[in-house]
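Protein chains get the first letters and strands the later ones, always in sequence-line order, with residue 1 at the start of each.
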There are 2 protein chains.
Amino acid sequence: MFEEILKDFKDFIRKKGLKYTSEREEILEEILSIDGHFDVEELYQRLRQKNKKISKPSIYRSLPLFIEAGYIQEVYRHEGHSHYEVTINKTPHLHFICLCCGKVEEIIDPELERLIRTKEAEKGFKLLTYHLESFGICETCQKVGNYHPRYGRKG
Amino acid sequence: MFEEILKDFKDFIRKKGLKYTSEREEILEEILSIDGHFDVEELYQRLRQKNKKISKPSIYRSLPLFIEAGYIQEVYRHEGHSHYEVTINKTPHLHFICLCCGKVEEIIDPELERLIRTKEAEKGFKLLTYHLESFGICETCQKVGNYHPRYGRKG
DNA sequence: CTATATGCAAAACCTTTGCACGATA
DNA sequence: TATCGTGCAAAGGTTTTGCATATAG
């Protein structure tokens with residue numbers, strides 16, 4: 001089921017005059033098999049568990065390629081590092097991210113996409129990846145009385 | 001013209017049982033005087049130029065307070081560090097950020113705000129700050145032939 | 001054979017933290 | 001006077017980079 005994407009990636013790499021390596025392929029395959037969000041550490045561990053000993057620098061060096069190719073996007077930062085998600089076959093959506101518990105809610109809305117695409121065209125901007133993020137406090141944390149993590153509960 | 005906000009901030013601080021210090025006031029004043037986006041380094045330098053020797057840790061410690069109070073938001077990450085903007089008296093808007101040159105275009109659209117607010121209400125989410133970011137390549141860089149900065153120009 | 005990629009170790013960098021001192025309420 | 005904040009220096013942790021080796025085209 002990933003063949004199409006791998007083929008597309010091979011094309012992408014060659015068009016850029018770069019090399020199609022087994023590491024890049026394996027990283028991409030692993031990413032495509034992830035359901036939901038991921039970060040570099042998680043990706044690294046998943047690969048190791050499958051005895052694919054790929055270094056973190058290689059992962060870090062490959063991610064911008066996948067972003068540029070349009071397969072993934074960096075969606076937000078939490079606890080000092082970046083989180084990514086697969087964008088292929090995904091409807092563009094908005095994230096509500098809770099600053100207290102880190103919970104992420106995905107909001108899908110066709111109107112939203114239409115709006116973004118319209119603006120993109122107007123501005124002559126070539127969209128590679130897009131983030132629509134709202135940070136705040138989720139319903140649960142509001143009830144418990146949590147506020148911003150750094151300053152703990154409200155007084 | 002900032003009196004209102006400073007007063008509001010004083011209230012905010014006291015309600016939280018914290019202390020209203022000259023450092024916090026000076027940082028906030030400086031931020032409010034900035035037109036557009038800023039990062040910690042820039043803020044630090046601006047304060048130094050005015051002989052306000054406020055340490056970076058103090059700046060880092062104050063920003064979450066301003067975010068929570070609703071005065072600023074962290075809008076995006078570029079070149080390894082966070083960028084912020086003042087949200088007071090600002091219409092919510094979408095950012096188109098160029099991955100090559102870092103240029104940011106602000107797109108204002110009332111429909112967009114309505115959409116977000118509706119979703120917010122639906123989900124019971126308390127919005128503190130919001131990012132609406134699209135990363136891509138701007139018209140100029142497309143013409144020049146620039147792509148993702150890490151991989152330079154396209155071959 | 002040449003250009004590019006990988007892995008390791010180390011560097012770089014932003015951001016956070018411990019601690020002693022100083023300021024606020 | 002007790003609590004909280006500041007500044008310094010150092011730590012922490014993610015991401016990047018230099019370099020030698022390996023691999024793709």
For the pair B:Glu23 and B:Lys52, find out whether any cationic side-chain nitrogen is under 4.0 Å from an anionic carboxylate oxygen. no
To the nearest Å, give me how far apart OH (B:Tyr20) and C1' (C:dA23) are. 15 Å
Taking the nucleotide of DNA chain C with the nearest heavy atom to each, does B:Ser22 or B:Gly80 sit closer to the 5' end? B:Gly80
Nearest listed nucleotide, side chain of B:Arg24, among D:dT6, C:dG7, C:dA5: D:dT6
Distance, rounded to the nearest Å, where B:Leu47 contributes CG and D:dT6 contributes C1': 14 Å
Mind calculating the distance between CD (B:Glu25) and C1' (C:dA25) to the nearest angstrom? 16 Å
Over all strands shown, is B:Ser82 touching base, sugar-phosphate only, or nothing at heavy-atom distances under 4.0 angstrom? sugar-phosphate
Just verifying a value: how many Å separate A:Ile88 CD1 and A:Gln73 CD, rounded to the nearest 0.5 Å? 11.5 Å
Rounded to the nearest Å, what distance is computed from the CD1 atom of residue A:Ile54 to the P atom of nucleotide C:dG7? 7 Å
Here the distance between atom C1' of D:dT15 and atom CD of A:Glu42, to the nearest Å, is 18 Å
Integer-rounded Å distance: C:dT15 P and B:Glu41 CD: 10 Å
I'd like to know if B:Lys19 reaches the base of C:dA23 with its side chain such that a donor and an acceptor end up less than 3.5 angstrom apart. no
Below 4.0 Å: OP1/OP2 of C:dG7 and any side-chain N or O of A:Ser58: yes
Between C1' on C:dA5 and CD on A:Glu23, what's the gap in Å once rounded to a whole number? 7 Å
Taking only side-chain nitrogens and oxygens of A:Arg61, does any of them come within less than 4.0 Å of OP1 or OP2 of D:dT16? no
Short side-chain donor-acceptor distance under 3.5 Å, A:Gln49 and A:Gln45: no
Phosphate-side-chain proximity, B:Arg77 and C:dT15, N/O vs OP1/OP2 below 4.0 Å: yes
How do A:Lys53 and B:Arg14 order along DNA chain C: which one's closest nucleotide is nearer the 5' end? A:Lys53
Has B:Arg24 got a side-chain atom pairing as donor or acceptor with B:Lys19's backbone, closer than 3.5 angstrom? yes
So, does B:Thr21 get its side chain near the phosphate of D:dG5, meaning an N or O under 4.0 Å from OP1 or OP2? no
Take atom NE2 of A:His81 and atom P of D:dT16, then tell me their distance rounded to the nearest Å. 14 Å
Does a side-chain N or O of A:Tyr60 approach OP1 or OP2 of D:dT15 to a distance below 4.0 Å, or not? yes
The side chain of B:Leu18 is closest to which nucleotide in this list: C:dC8, C:dT17, D:dC4? D:dC4
Touch class at under 4.0 angstrom, heavy-atom based, for A:Lys56 against every strand present: nothing
I'd like to know if B:Glu30 and B:Lys50 make a salt bridge, using a cut-off of under 4.0 Å between side-chain N and carboxylate O. yes
